[in-house]
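Okay, structure first, notes after.
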Amino acid sequence: MKQNIKRILTLLIILSVLCTGSAPIYAMNVSGQSDKESDYVLIYHDIETGIDTKITAAEAKFRFGLDIDKQMRTISTKPQKPTIELTEKHLTEEEIQEVEKANINGINYFNKMISLDPPLTQNSEILSRTNSIQRSSGETRTVVTDLHKYPYYCNAKLYSGDRWIGSGFAIGKNLLATARHCLQNSDGWASSVKAYFGFDNNVNTYIYKAENPVGYIVCPAETMTETLEDWAFVVWDKDIINYTGCYGLTGAGYNGMPVKTIGYPQDLNGGNKMYESSGTITNCRDYDFDCDLRVYYGQSGSAVYEEGVDGAYAIAIVTHSSFPVNGTNNALARRIDSSLIGWFFDNGYFD
């Protein structure tokens, strides 16, 4: 037992150094818990070792900038704009080839999931199908033309290995939020992730590229068995917020609330451009909600957000949509506000 405790303490210190560049400033007691708010609230999956470690509210605050109030069941952060001047970058020739291959692999993967006949394997087919969808069901999405504006540059197109896996958005100093199913499948966890923030794949430009994540923050479940577990935070090996800015997090959410989402839907322009959709929450529940936002494959992991006076506040992560089935505007989003912490309480993850 003592050896196990020592291993846990050592691992926590190593993880803290990796994620923050400095040693932890809080004391640990003999059980391996923090002296401050000693309840475990999240799971940290270390990519290199494959080890899952429980982390406390105090650790979440120090290492990841997440304010978790276990009494009020809230999680919150503030929006932030970059402190470093934005510069448009271009993919190298090698990166262009890698991205092109990954986009094709991603589209083929999506095709297998939805079993389209004929499959959408080329941009011409995708655009043809897209035009048909627009005429028949009232397209509500609009292309983002200025990726240098907030909060567009906070959003990223995600790749893992040789495949496009979805969308994501910055939420903290070294964090990106996305859907868990983008990172974990029957083969296990993604061993690598690249995030191109402010990406325009038509001209191969981007604002910032984040890669080499060290871990994932997830709910306390080994595998995703339901939509309530379908969220994840990617932890980068350095702070990226000065380059990307970030969304804030808020506890808002009610029926009829105006919301927006931003991401890279596969059925528009082959996923090469960023699109925005506006709508409202139609059925708000404790841990997730339905909304009439229009989303498609490739947009899993997008933020559902509201516009505040000081910036954009994300209230949920897009996980599913009935749009591929019936052509309607109906998205399911997993809440990342107080309801996420409430879910931990209700499922016995607090002492």
Side-chain angles (χ1 to χ4, degrees), residues 96-134 136-137 139-141 143-144 155-169 176-196 199-202 223-224 227 230-232 234 261-277 293-304 317-334:
I96 290 175
Q97 294 179 9
E98 290 177 352
V99 166
E100 182 178 358
K101 179 181 177 181
N103 286 339
I104 293 173
N105 291 339
I107 289 174
N108 289 337
Y109 181 81
F110 298 143
N111 287 337
K112 291 179 181 179
M113 295 177 66
I114 58 182
S115 300
L116 287 178
D117 185 24
L120 305 181
T121 57
Q122 298 178 7
N123 280 359
S124 59
E125 293 176 81
I126 292 171
L127 292 174
S128 175
R129 186 63 170 263
T130 297
N131 290 335
S132 174
I133 291 172
Q134 289 176 330
S136 63
S137 57
E139 180 61 65
T140 61
R141 293 167 292 180
V143 66
V144 176
N155 301 274
K157 188 174 181 179
L158 306 184
Y159 295 88
S160 178
D162 62 352
R163 183 169 68 84
W164 165 31
I165 58 174
S167 302
F169 56 102
L176 173 138
T178 188
R180 182 169 177 168
H181 72 255
C182 293
L183 304 175
Q184 185 187 40
N185 56 30
S186 58
D187 296 326
W189 287 101
S191 60
S192 65
V193 175
K194 288 184 181 179
Y196 289 95
F199 194 28
D200 186 335
N201 205 175
N202 274 357
T223 58
M224 190 190 70
T227 59
D230 196 2
W231 65 272
V234 178
T261 190
I262 299 170
Y264 292 87
Q266 176 236 306
D267 65 313
L268 292 180
N269 216 299
N272 289 322
K273 301 283 286 188
M274 183 185 293
Y275 282 82
E276 182 176 32
S277 175
L293 295 171
R294 194 181 188 95
V295 298
Y296 200 82
Y297 286 99
Q299 204 169 344
S300 290
S302 299
V304 176
I317 300 171
V318 171
T319 59
H320 295 79
S321 172
S322 62
F323 173 50
V325 177
N326 59 25
T328 61
N329 301 341
N330 186 11
L332 174 67
R334 178 63 174 93

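It should be emphasised that the depicted structure is a prediction, and the values quoted were computed from it without experimental measurement. Counting from 1, the numbers follow the sequence of the chain as shown.
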Worked verdict on Asp200 versus Lys273 for side chain to side chain contact (heavy atoms under 4.5 Å, CB included): CA-CA 5 Å; Asp200 186 335; Lys273 301 283 286 188; 2.8 Å; yes

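- Summarising the geometry, atom CG belonging to Leu293 is positioned 6.0 Å from atom OG1 belonging to Thr261; distances are rounded to the nearest 0.5 Å.
- Heavy-atom minimum distance, Ser277 versus Thr140: OG-OG1, 3.7 Å.
- Considering only heavy atoms from C-beta on, Asn103 comes within 4.5 Å of Tyr159 through its side chain.
- To the nearest 0.5 angstrom, Thr319 atom OG1 is 12.0 Å from Gln299 atom CD.
- In this structure, Leu183 and Leu158 have side chains that are not in contact, with every pair of non-hydrogen atoms separated by 4.5 Å or more.
- Closest non-hydrogen pair, Asn105 versus Asp162, comes out as ND2-O, 2.7 Å.
- For the pair Tyr275 and Asn269, the minimum side-chain heavy-atom distance is below 4.5 Å.
- In plain terms, the two heavy atoms of Glu98 and Lys194 that are nearest each other are OE1-NZ, 3.7 Å.
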Candidate pair Gln266 and Ile107, rule side chain to side chain contact (heavy atoms under 4.5 Å, CB included), full reasoning: CA-CA 7 Å; Gln266 176 236 306; Ile107 289 174; 3.9 Å; yes

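- From Glu276, atom CD reaches atom OG of Ser302 across 11.0 Å, with rounding to the nearest 0.5 Å.
- When all heavy atoms are compared, the tightest approach of Ser160 to Ala190 is OG-CB, 3.2 Å.
- For the atom pair Tyr109 OH and Ile165 CD1, the distance stands at 10.0 Å (nearest 0.5 Å).
- For the pair Thr178 (side chain) and Ser167 (backbone), a donor-acceptor distance under 3.5 Å is present.
- Atom CG of residue Asn272 and atom OH of residue Tyr264 lie 10.0 Å apart, to the nearest 0.5 angstrom.
- For the atom pair OG (Ser321) and CG (Asn330), the distance works out to 6.5 Å, reported to the nearest 0.5 Å.
- If you run side-chain hydrogen bond (donor to acceptor under 3.5 Å, both in side chains) between Ser300 and each of His320, His181, Arg180, only His181 comes through.
- Using a 30° and 60° split on the angle between ring planes, Phe110 and Trp164 fall in the perpendicular class, above 60°.
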